[in-house]
> 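One structure is given below, represented as structure tokens, and several questions about it will come after.
Each chain gets a letter, A, B and so on, in the order the sequences are listed, and its residues count up from 1.
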There are 2 protein chains.
Amino acid sequence: MDEYNKPAITTQALGRMPYYIQQLRMLRNENIDTVSAPKIAELLNLNEVQVRKDFAAISTSKGKPKAGFSVTELITNMENLLGYNNADEAVLVGAGSLAHAILTYEGLKTYGLKIVAAFDINSAYIGTEINGTKVISAEKISDLCRRMKVYIGIITVPASQAQIVCDQLVAGGVLAIWNFAPIRLSVPDHILVQNENLAASLAILSKHLKEKMKYLDLH
Amino acid sequence: MDEYNKPAITTQALGRMPYYIQQLRMLRNENIDTVSAPKIAELLNLNEVQVRKDFAAISTSKGKPKAGFSVTELITNMENLLGYNNADEAVLVGAGSLAHAILTYEGLKTYGLKIVAAFDINSAYIGTEINGTKVISAEKISDLCRRMKVYIGIITVPASQAQIVCDQLVAGGVLAIWNFAPIRLSVPDHILVQNENLAASLAILSKHLKEKMKYLDLH
DNA sequence: ACTTTATCAGTATTATTATATTGATATTGT
DNA sequence: ACAATATCAATATAATAATACTGATAAAGT
């Protein structure tokens, strides 16, 4: 039940878990029951040692030389880590196409999230359902979060409204915010913000490509 | 025109640029023409030194003690860096709600991307338009990419089809791929892949929250 | 003019993450 | 039973990124 003497899992490793899970499930479907770190590394195009370290960080048992790790056990360990069996409830604010994409995203439950309500200010959306989730007037954010004891909020509204929405979520007792608006939210110290910034990824891709193109020009 | 003796910009710094641009534009709108690194750091909740370093990495001129940096100059430098003035053309594959969200995302042009075509296999979508972009049959991916000399591809199809689509893009001469499918694509060495993995972010958020909750329980 | 002060640039330190190396061990094949 | 081998665990090194520190300097106040 506890994890002393375990190398605490790093943020980066955590980010790789979904890839591992996905790959391990594929192997399980092929009735493969043990797998080595080098094999997974090859499949996912990662470093062998990195994979082994990641496995060591989450696995309840050790890998065996020559054989590797138990596929089902790794899956179970990762699922537990990510909260597969006790998904947190979350609310989503903003009912646009991004919200739609999130609500229909199969990964949600797998990685520990269950969206219990969606909010919007646009009366045209209010009362409708998106993939089984009711859209409710944004006025009720604080009230409903508090009453339902929801601790995670997802923000998909435009940048201009993100801070307002954020404040309402915080007022409603939300502790963690998954923010898709391209701004840095200002929150009290104890609130967790995970920014999902398309602009940032795009910037990185664009810059890398420019470097590559420059390089190609010279040769 | 060249940048010797410049600290090369890091990936992380690059990811912060969109936040800086956004903030700097707000300041410009308020007719503020110089700003200090500590001020920006405070507004964006970042470390003062980090901001100064980031500015130093992209700015064509130096900051002045007591005054700070020129707002407009910083904006110009960042826009150039990110390709604001010569946006790359890209194609998008998969016409679902995520594609919709990307196509209507205002940030695109700002950060150097212009989507010239969208592809899908679903005949119900083919021929329609999303926010002004035509949806074309997925059979034509390779051919069209090559003819239009498009070097960036965006993948928003389900995981099961992502590799196939990826191969078609590569066959069409695409050099950089922005991948929203939750798998690690296998590509030739010279192809750039930027993964945008919702599952990974979610995993990180979920884990952090669990730690926080555990901590709160103990007090 | 002089002093104070906010800010800068440059350098040093620390933290985090990734990768390489070394020796041990379980399985396979002879 | 023994040797060969793939893989592991653990430790060491390297790469990357964040933060702290130190001395210099431009602007503002006295």
> Send over the distance from A:Glu73 CD to D:dC8 P, rounded to a whole Å.
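That distance rounds to 14 Å.
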> What nucleic acid atoms does A:Phe69 come within less than 4.0 Å of, heavy atoms only: base, sugar-phosphate, or nothing?
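Result for A:Phe69 = sugar-phosphate.
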> Using whole Å, what does the distance between atom P of nucleotide D:dA12 and atom NZ of A:Lys53 come to?
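That distance rounds to 11 Å.
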> Would you say the side-chain atoms of A:Gln163 and A:Asp167 include a donor-acceptor pair closer than 3.5 Å?
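Their side chains do contain a donor-acceptor pair, which is all the 3.5 Å distance test asks for.
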> Keeping A:Arg25 on the side-chain end and A:Ile75 on the backbone end, is there a donor-acceptor pair under 3.5 Å?
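Not confirmed, A:Arg25 side chain does not pair with A:Ile75 backbone.
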> Under 4.0 Å: is that the gap between some side-chain N or O of A:Ser36 and OP1 or OP2 of D:dT7?
yes
> May I ask you to decide if A:Asn195's main-chain N or O and A:Arg184's side chain share a donor-acceptor pair within less than 3.5 Å?
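No.
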> Using a heavy-atom distance cut-off of less than 4.0 Å, which residues of residues 38-52 of chain A contact DNA chain D?
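When residues 38-52 of chain A is checked for heavy atoms under 4.0 Å from DNA chain D, the hits, listed by number, are A:Pro38, A:Arg52.
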> Specify the separation, in whole Å, of atom NZ of A:Lys66 and atom C1' of D:dA4.
7 Å
> Kindly give the heavy-atom pair with the smallest separation between A:Ala200 and B:Gly15, and that separation in Å.
CB-O, 3.4 Å
> Please list, in 5' to 3' order, the outermost nucleotides of DNA chain C lying under 4.0 Å from any heavy atom of chain A.
C:dT17 to C:dT27
> Taking DNA chain D as the partner, which of residues 11-19 of chain A come within under 4.0 angstrom of it by heavy atom?
none
> Checking A:Lys109 side chain against A:Glu106 main chain: does a donor-acceptor pair fall under 3.5 Å?
yes
